[in-house]
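First comes the structure, then the notes that go with it.
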Amino acid sequence: MTDKPETNQPIEEAAEKVEVLREILDRYSHEYYVLDKPTVTDAEYDALYRELVSLEESYPELISGDSPTQRVGGTILPGFEKVPHDIPMLSLGNAFGKEDLLDFDKRVRKLTDKKVQYICELKIDGLALSLKYKNGKLIQAATRGDGIVGENVTQNVRTIKSVPLKLKYPYSIEVRGECYMPKASFVELNQKREENGEDIFANPRNAAAGGLRNLDPKQTAKRNLNTFMYTVADFGEMEAASQSDALEQLDKIGIRTNHERRVFETIEDVWEYTQEFQEQRSNLPYDIDGIVIKVNDFQAQADVGFTIKAPRWAVAYKFPAEEANTVVNEIEWTVGRTGVVTPTAIMDPVQLAGTTVQRASLHNVDLIRERDIRLNDTVVIHKAGDIIPEVTRVVEELRPVGSVPYEFPTHCPACDSELVHLDEEVALRCINPKCPAQIIEGLTHFVSRNAMNIDGLGNKVIIQLYEKGLVKDVADLYSLTYDQLVTLDKIKDKSANNLLNAIDASRSNSLERLVFGLGIRNVGANAAKLLAEEFETIEALQQAGKEMIIAIEGIGDIIADSVVTFFELPEVNALIEELRAKNVNLIYLGKKKETVAESDSYFNGKTIVLTGKLTHFTREEAKERIENLGGKVTGSVSKKTDFLVAGEDAGSKLTKAQSLDVPVWNEDQLLETLEGEE
Ligand code: IVH
C-alpha cells in the first residue's frame, strides 16, 4: 500500500506531521479564498491535501473537526434545527436618495456630541449569516431567520472555503456577515440548470439561499458560495474601539471582510461614495444592492442607540432599481445540446446598467405564459444578478390594439420535428437525435476545454464541417484530412496542421474527458471523472448496471439512470466502436482508486517529490504516472522522501534534498524508469 511507510511511523510523529500539514493548508486556503492571493499552484495544494487525507486514513484517531479535510459535506440532514440568537439579528432603516442621507446625518449629530465619522460598506446582496467561534473553533453557523430564531446551517457553512474552521487566535466570538454567490458562479449554475430543463434561479441571492439551505451539504459545497463578514456581535476576548478597527481585527484573525470600505468625515463624501459604487456595481464580481453607512466610533454608536427594530447609528442606502423599457420584436428559439429549446426575446436596443441590451433569455414556455409576453409588447427589463438581462413585466397600457397571446412553436426550429414536453419539465424539447442544431452543440461540447480539449475547433468551424457533410458525429472528427480542412473558410495551411495535431493529441486523453465529452445527460465533468476512475475502461462502464454506478460515492439516482439509458442505445455503442477503430483512447489514465498493493513496480510505496520545470510532461502528468505505479508524490522534501526529481531551475527543494541526503534524479532518469515499468 502506498501509505505503508506512514502506518509504520509512531503516532506522535504522524500527529506532528498532521499538524504541520493542516497549518500549511490553512495558510494556503486563507491566501486563496480570503486574501484572493494564492501563493501555490492547485497541484501543490492538492499534493499536500492528499498527504493529509492519507495520514488521516491511516490514523483516524487524529481526525479533528477543524481539519481542512472535514469540509466536504457529510450526510444528508433530516432538517434544520432552530437556534435562538443570543443577540437579535436586526435589520436596517433604508435611505433612497440624498435627502434621506442628510436626514440620517442630522439625526445622528443631534444624538451625540462626539466627533462623527462614517464608515461606508458595500451592501452585499446575499443572506445574513452568524458564525460562532469557541476558543477559535467554528462551533455554529446560523441563518438570520426572523432575527430572533435562525436555522442551524453549520454543516453547510463548513463547506464554504472562505469560512475558517479555526481562527488564527483562540477567540470566543460571534461574527455576522453576508453569504453570497459570485455572479460568475450564478451564471454557470443557471446555464447548467437551463440545459437540464430545471428551473433557473432569479438572482444570485436566491441561488445562494438554495445552496445554504440545502439538506445535502454536498450540494452546498458545489455552489461555490462565499462570505463577507461585517459585524462583531459578541467580542469575547477581542477589543475594538470602532467598526473600522473591528473589521481590521477580523482580517487579522483570518475572517474575510470586504475591502471596498471607506471612512469619511462628512455626509457629502458619503454621498459621493454611494454614487461611485452605483456606477461601479456592474463591474464587481458579486451583487450589491446598496451601501451601508455606519457611525464608525463605538462610543458614538452607543450615544445614538437603537430603535426596537434597527440601530439608529446605521442606514442602508438602496440603489434605485436599474430598469429600462423596450419593445419585443421577435422571440427566437434555439436548440441546445440536449434538445432543450429555449426562447430569447429580440428587442429594440436599449442602454441598461452600462451595456446596450438587445436580447433577453425568456428561459421557458411557462415564463412567457405567466408574464403574458407578446410580440410588439413594451416590456420593462432589468439585469438579474446585475448581468443577465431579463424581462420583468409587460407594460400593458402600451400593448398595441389587436395583440394576441404568443403562439408557441410546435416544431423544432432547426429540424422541424415535433417538439415535446418531457415528464414534469418546464422545457420544450426536440427529441430527434439527428437534429442538426443538437449535433452541432454536441460537437462543440465534445471539443470543449473540459472535454476532449481540441484547440482551434470553434463553433464556426464546426458549423462548416457539419454543413459540408464532413462531420456528422464526433468519430468523424478523427477522419478529417488536411485537404478537407483547407476547403473551410479562414482555415489555411498552418491552422489546418494545428487542428490536425490537436485532434490527434486528443486521441490520448484519459477516459473521463471522453465520458464528459459524450454529453450524457446530467453527467458533468465531475461525475465523468468519478465514473472513469471507478470503471477504468469504457467497456466496463457500458456494461455497468445501475446498482454498480449508484454505489459510487457522489453519484446519485438521476446520473445512474442517465448513464444506463445512454449506453443502452445501439447508436452509442456503434459510435464507441468507431472511436476505438480510430485509435481514440478508451481507458482511464489517471490515478487508480486503489493502488495495487502487490505491485512489484520500482515506484511502489516510494515517496517522491517533483520540483522545477519539467519538459517532457507536466508535473500533473508525471504525478499521475508515478501514482499509477503505486508511488506517492508529495509536496515537500523530508527524510522520508525516497528521491527528488529536479527539473530546470529547481530551487529550495533541491537544496533541502541535498542537505538531507535525499537522492536527486533528473527528468530523463524519471522518464526512463517510468517507461521501463509501464
Ligand atoms: S450591517 C444591525 N453591513 O443588509 C444590522 N448589513 O438590513 C447590521 N447587509 O440583512 C447590518 N451588507 O444582511 C450590514 N456591510 C453590511 C451589509 C449588510 C449586507 C445586509 C444584512 C441585512 C441587510 C440590512
Side-chain angles (χ1 to χ4, degrees), residues 33 65 70-92 123-133 138-165 174-194 196 198-231 233 255-256 286-289 363 384-386 424 426 522 524 526 554 556-558:
Y33 293 104
Q70 304 302 303
R71 283 191 182 270
V72 279
T75 46
I76 308 246
L77 309 167
F80 294 110
E81 177 204 356
K82 298 263 183 267
V83 278
H85 296 295
D86 299 335
I87 306 158
M89 289 180 83
L90 302 180
S91 63
L92 292 178
K123 187 171 183 308
I124 313 296
D125 197 6
L127 295 88
L129 188 66
S130 137
L131 303 177
K132 273 192 190 169
Y133 287 88
L138 178 69
I139 54 158
Q140 182 185 290
T143 61
R144 177 174 185 278
D146 60 5
I148 308 291
V149 178
E151 283 176 325
N152 186 337
V153 286
T154 316
Q155 294 314 320
N156 303 45
V157 169
R158 290 173 63 86
T159 69
I160 303 176
K161 302 282 192 13
S162 67
V163 173
L165 300 178
E174 179 180 350
V175 291
R176 290 173 181 176
E178 207 78 354
C179 171
Y180 69 94
M181 181 181 284
K183 289 179 190 173
S185 310
F186 163 71
V187 173
E188 208 180 298
L189 175 69
N190 263 358
Q191 268 167 0
K192 263 194 218 143
R193 293 179 71 95
E194 195 155 77
N196 288 337
E198 293 168 289
D199 274 342
I200 53 131
F201 288 109
N203 51 50
R205 179 167 24 85
N206 291 4
L212 191 63
R213 300 190 61 258
N214 203 305
L215 289 171
D216 180 1
K218 287 206 174 65
Q219 292 301 321
T220 315
K222 286 189 193 157
R223 291 281 169 92
N224 194 26
L225 300 182
N226 209 336
T227 54
F228 283 124
M229 290 293 134
Y230 51 67
T231 286
I255 288 188
R256 188 165 187 256
Y286 42 83
D287 233 354
I288 59 172
D289 59 343
H363 303 300
D386 247 7
E424 300 294 291
V426 283
N522 305 308
N526 198 23
D557 221 41
I558 299 175

Please examine the side chains of Glu188 and Asn224, heavy atoms only from C-beta on, and report whether any two atoms are closer than 4.5 Å.
-> no
Between atom CG of Asn203 and atom CG of Asp125, what is the distance when rounded to the nearest 0.5 Å?
-> 6.5 Å
Quiz: residues 85-92 side-chain donor-acceptor pairs under 3.5 angstrom, not counting sequence neighbours:
unit_1	atom_1	unit_2	atom_2	d
His85	NE2	Thr143	O	3.1
His85	NE2	Arg144	O	3.1
Asp86	OD2	Lys132	NZ	2.9

Phe228 and Tyr180 aromatic ring geometry - parallel, tilted or perpendicular at 30°/60° bounds = parallel
Heavy-atom distance under 4.5 Å between the side chains of Leu189 and Arg223, does that happen here?
-> yes
Side chain of Glu174, backbone of Ala233: donor and acceptor closer than 3.5 Å?
-> no
Report the C-alpha separation of Leu165 and Arg71 in whole Å, then their side-chain angles, then the decisive distance to 0.1 Å, and conclude whether the side-chain contact (heavy atoms from CB on, under 4.5 Å) test is met.
-> CA-CA 9 Å; Leu165 300 178; Arg71 283 191 182 270; 3.7 Å; yes
For Lys192, check salt bridge (charged side-chain N to carboxylate O under 4.0 Å, His left out) against everything at least two apart and list the hits.
-> none
Could you check if a side-chain atom of Arg158 sits within less than 4.5 angstrom of a side-chain atom of Pro217, using non-hydrogen atoms only?
-> no
Could you tell me if the ring centre of Phe186 sits under 6.0 Å from that of Phe201?
-> no
To the nearest 0.5 Å, what is the distance between CD1 (Ile288) and NZ (Lys123)?
-> 10.5 Å
Taking all heavy atoms of Leu215 and all of Gly79, pick out the closest pair and write down the distance.
-> CD2-CA, 3.5 Å
Under the salt bridge (charged side-chain N to carboxylate O under 4.0 Å, His left out) rule, collect the residues that match up with Arg213, sequence neighbours excluded.
-> Glu151
Would you mind reporting whether Ile124 and Tyr230 have side-chain heavy atoms less than 4.5 Å apart?
-> no
How close do Ala142 and Val83 get, heavy atom to heavy atom, and via which atoms?
-> CB-CG2, 3.6 Å
May I ask you to test the Leu129-Met229 pair for a side-chain heavy-atom distance under 4.5 Å?
-> yes
Nearest heavy-atom neighbours spanning Phe80 and Asn214 = CZ-O, 3.5 Å
Between CG of Asp146 and CD1 of Ile148, what distance do you get to the nearest 0.5 Å?
-> 6.0 Å
Nearest heavy-atom contact between Ala208 and Cys179 is CB-O, 4.4 Å
Where Thr227 and Ser162 come nearest, the two heavy atoms and their spacing | OG1-OG, 2.9 Å
Separation between CD of Gln140 and CD of Glu81, rounded to the nearest 0.5 Å | 7.5 Å
Taking every heavy atom of Tyr133 against every heavy atom of Ile255, the minimum-distance pair comes out as CE1-CD1, 4.1 Å
Passes side-chain contact (heavy atoms from CB on, under 4.5 Å), Arg256 versus Asn226? Steps please.
-> CA-CA 9 Å; Arg256 188 165 187 256; Asn226 209 336; 3.1 Å; yes
So with a 6.0 Å cut-off around CD1 of Ile558, is the heavy-atom count from everything else above 12?
-> no
